[in-house]
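Okay, structure first, notes after.
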Protein chains: 2
Amino acid sequence: MVKKVSLKDIAQKIGVSTALVSYVLSGNEEKGRVGKETAEKIRQAAKELNYQPNHIAKSLKTGKTNTIGLIVADISNPFFASIARGVEDESGHFGLTTIIGSSDESTEKLKNLVDVFIKRQVDGFIISPPDNSEETIEYIISLGIPICLIDRHFNHVNSSYVITDNKESMQTAVSHLLEMGYKNLAFVAYKSSLQHMKDREQGFLDASATIQSKVYKINFNKQQQELNKVLDEILETQKADAIVFATNTLSVAGLKYLTQKGVQIPKDLNVMCFDFSEVYDFFYHPIIHVKQPIEQLAKDSVVALTQQMKDHTIQKKVLRSELIAKTRA
Amino acid sequence: MVKKVSLKDIAQKIGVSTALVSYVLSGNEEKGRVGKETAEKIRQAAKELNYQPNHIAKSLKTGKTNTIGLIVADISNPFFASIARGVEDESGHFGLTTIIGSSDESTEKLKNLVDVFIKRQVDGFIISPPDNSEETIEYIISLGIPICLIDRHFNHVNSSYVITDNKESMQTAVSHLLEMGYKNLAFVAYKSSLQHMKDREQGFLDASATIQSKVYKINFNKQQQELNKVLDEILETQKADAIVFATNTLSVAGLKYLTQKGVQIPKDLNVMCFDFSEVYDFFYHPIIHVKQPIEQLAKDSVVALTQQMKDHTIQKKVLRSELIAKTRA
DNA sequence: CTGAAAGCGCTTACAG
DNA sequence: CTGAAAGCGCTTACAG
């Protein structure tokens with residue numbers, strides 16, 4: 001390993017103190033009131049020696065790492081991958097580096113990741129929390145570490161968050177189905193204490209009050225089997241004329257199972273999905289879906305977090321989703 | 001911000017030196033030959049005060065950050081998102097944290113990310129390099145920083161890498177098309193100096209030598225327009241009976257355009273794609289494709305890198321891909 | 001078995 | 001305008 005050049009090396013080379021070098025190179029020249037030519041010599045030497053400041057040392061001294069921890073359910077899921085990309089880009093603008101972890105919707109894993117990230121002294125967290133993780137979120141808050149929840153939140157936890165208008169967008173979407181003439185709806189969601197899930201359910205219930213409808217909730221852990229069972233029931237017992245899926249994972253998995261069973265959409269039954277997926281583009285019929293502004297969610301959560309890092313403001317932001325229900329071009 | 005508890009705090013609390021505390025808490029108890037009950041008292045106090053070691057301080061002292069930098073083209077692309085997930089999981093087993101960056105296939109962005117990561121003192125890099133980035137890769141090597149390329153490499157750069165058998169798998173895939181009876185093939189790839197791209201092309205050429213065929217290469221930067229133009233040409237001028245796509249991005253974008261144009265697969269024309277995509281599951285006909293072992297690529301690159309971090313061994317590993325050409329169940 | 005001390009590479013009051 | 005020095009929170013040879 002090539003020896004790294006330090007402040008001291010360049011200080012020695014031109015015979016000044018490390019303090020001067022630090023002032024000049026960190027852009028606090030005025031503060032140190034350094035002479036113009038000295039400053040120039042320092043910059044010159046830094047360039048010659050290819051000086052790269054040691055971030056670690058700086059962090060230890062200042063207590064800031066300029067690093068944020070992002071924890072999502074699964075970084076390989078396109079929805080969260082997009083969020084990660086948005087957070088990465090936006091945080092770069094603030095000179096922040098992002099470290100990412102996947103909780104797999106497990107409170108246990110979340111807790112471990114949080115501990116690891118805290119040991120690494122992250123300046124703040126952006127988290128899409130799994131079910132039943134209030135305690136861990138509150139633990140972070142109790143430590144005084146800035147945090148912004150994204151996509152999901154808990155009503156009774158006082159933290160910053162950036163989410164979409166889950167209840168309203170679901171109402172709009174379901175109302176659209178009613179306008180189209182559907183009269184017997186099934187709603188497929190997860191069992192969850194997370195507010196976004198409750199809100200989507202409430203939106204469904206509100207909009208479908210005047211017609212026949214049924215709500216199915218499955219366990220995330222056994223979703224494949226339970227989803228299939230629920231869909232069979234919807235097809236055979238309830239005989240619904242349209243299914244509303246509450247999340248992107250359920251949407252894609254549900255579509256796949258229906259296709260496998262030979263169900264024709266929308267002839268036999270229509271569907272309403274949540275979140276965009278690239279697979280819709282390849283489906284034989286346009287898929288009605290609620291499109292959340294992922295980029296904006298990511299961007300705004302970084303903005304909210306950096307704001308909180310500065311002045312401890314708690315921001316709660318709700319973005320609007322869009323209903324995509326047009327015929328394919 | 002709640003005051004963090006340090007080694008010193010717990011040393012003071014029970015009246016021993018920080019050295020002892022350090023030995024006990026970092027598991028080097030034997031090395032410090034610490035007394036059993038002292039050790040117990042220390043552990044007790046650490047728990048009571050909820051002591052979280054400061055990783056930054058440790059890093060400064062030891063020169064190791066236990067952090068690796070992963071740079072891919074685009075973390076929101078499912079292919080790279082899967083790699084990221086694999087790297088994240090595997091590096092966790094080694095106590096390493098991963099920071100991720102997206103180069104967008106730009107050498108300039110790669111260079112910036114590398115500089116940022118070096119300032120953060122990453123212990124090593126895993127990089128899927130963009131075209132013409134040899135210099136940056138060699139710069140990292142010249143600094144003595146361990147690096148493992150993934151998915152792509154340069155033949156004349158002596159670094160560790162983990163890739164798949166690009167030439168062989170392409171040969172196998174194209175041979176399969178010949179066996180199926182196709183006689184006029186088009187190959188769609190990027191203009192690139194990257195070895196994996198050359199290898200895939202060579203594989204195509206070798207296997208299609210006995211029949212009619214044509215190679216099309218497009219610029220990554222203007223891929224949407226150029227791809228469409230090339231596909232039009234293939235349909236109208238070459239009148240190929242099958243198209244071979246060289247990458248996952250080209251495969252999905254190509255399929256989309258063909259579908260849009262009303263081309264029926266495989267009736268009008270068949271396709272052979274590279275890499276799996278979830279969209280295939282929703283296509284009206286099974287898609288023949290080469291499936292790379294993404295999980296294994298990710299895993300092996302972390303193993304190669306950690307090995308190199310220990311003993312400076314350079315490992316070059318080639319994994320086998322699988323041809324998926326079965327009828328849908 | 002235990003403690004005092006140096007040092008990792010920075011920043012930043014403080015003193016001249 | 002410039003330098004000496006303390007200190008961030010650890011680790012680790014060294015001395016007892």
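Chain A is the first sequence line, chain B the second, and so forth, proteins listed ahead of strands; every chain is numbered from 1. Side chains included, hydrogens not; waters and symmetry mates left out as well; all remaining heavy atoms used. Computed from a prediction, not measured in an experiment: that's the story for all the values here.
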Exercise. Using a distance-only test with no angle check, is there a side-chain donor-acceptor pair under 3.5 angstrom linking B:Ser76 and B:Asp74?
Worked result: yes
What is the distance, to the nearest angstrom, from the [atom1] atom on [X] to the [atom2] atom on [N]?
X        : N      : atom1 : atom2 : result
A:Gln121 : D:dC8  : CD    : C1'   : 11 Å
B:Tyr23  : D:dA13 : OH    : P     : 7 Å
B:Lys64  : D:dT12 : NZ    : C1'   : 17 Å
A:Ile14  : D:dC1  : CD1   : P     : 17 Å
A:His55  : C:dT11 : NE2   : P     : 10 Å
B:Leu20  : C:dC1  : CG    : P     : 12 Å
A:Leu7   : C:dT12 : CG    : P     : 12 Å
B:Leu60  : C:dG9  : CG    : C1'   : 6 Å

Task: Flag if over 12 foreign heavy atoms under 6.0 Å of CD, B:Glu138 - done: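 Yes, enclosed.
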On a heavy-atom basis, which atom in [X] and which in [Y] lie closest, and how many Å separate them?
X        : Y        : answer
A:Ile150 : A:Pro129 : O-CD, 4.3 Å
A:Cys148 : A:Leu305 : N-CD1, 4.0 Å
A:Ser59  : A:Lys64  : OG-O, 3.1 Å
A:Arg120 : B:Thr65  : NH1-O, 3.2 Å
A:Ala298 : A:Val87  : CB-N, 3.7 Å
A:Pro293 : A:Thr164 : CD-CG2, 3.6 Å

Q.
In terms of relative ring orientation, are B:Tyr161 and B:His153 parallel, tilted or perpendicular, with 30° and 60° separating the classes?
A.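 Answer is tilted, since the angle falls between 30° and 60°.
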Touch check for B:Ser59, heavy atoms < 4.0 angstrom, all strands: base, sugar-phosphate only, or nothing?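 Touches nothing.
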Between A:Ser17 and D:dT2, is there a side-chain N or O to OP1/OP2 distance below 4.0 Å?
-> no
Distances under 3.5 Å between protein N/O atoms and the N/O atoms of nucleotides 5-7 of chain D, please, pair by pair.
unit_1, atom_1, unit_2, atom_2, d
D:dG7, N2, A:Lys61, NZ, 3.4
D:dG7, N3, A:Lys61, NZ, 3.3

Next on the checklist: Pick the closest DNA chain C nucleotide for B:Thr62 and for B:Thr38 by heavy atoms, then say which residue is nearer the 5' end.
Outcome noted: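 Closest to the 5' end, via its nearest nucleotide, is B:Thr38.
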Self-check item: Consecutive Watson-Crick or G-U pairs in runs of at least 3, all under 3.5 Å, in which DNA chain C is involved
Solution: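 Paired runs of 3+ in DNA chain C: C:1-3 with D:14-16, C:5-12 with D:5-12, C:14-16 with D:1-3.
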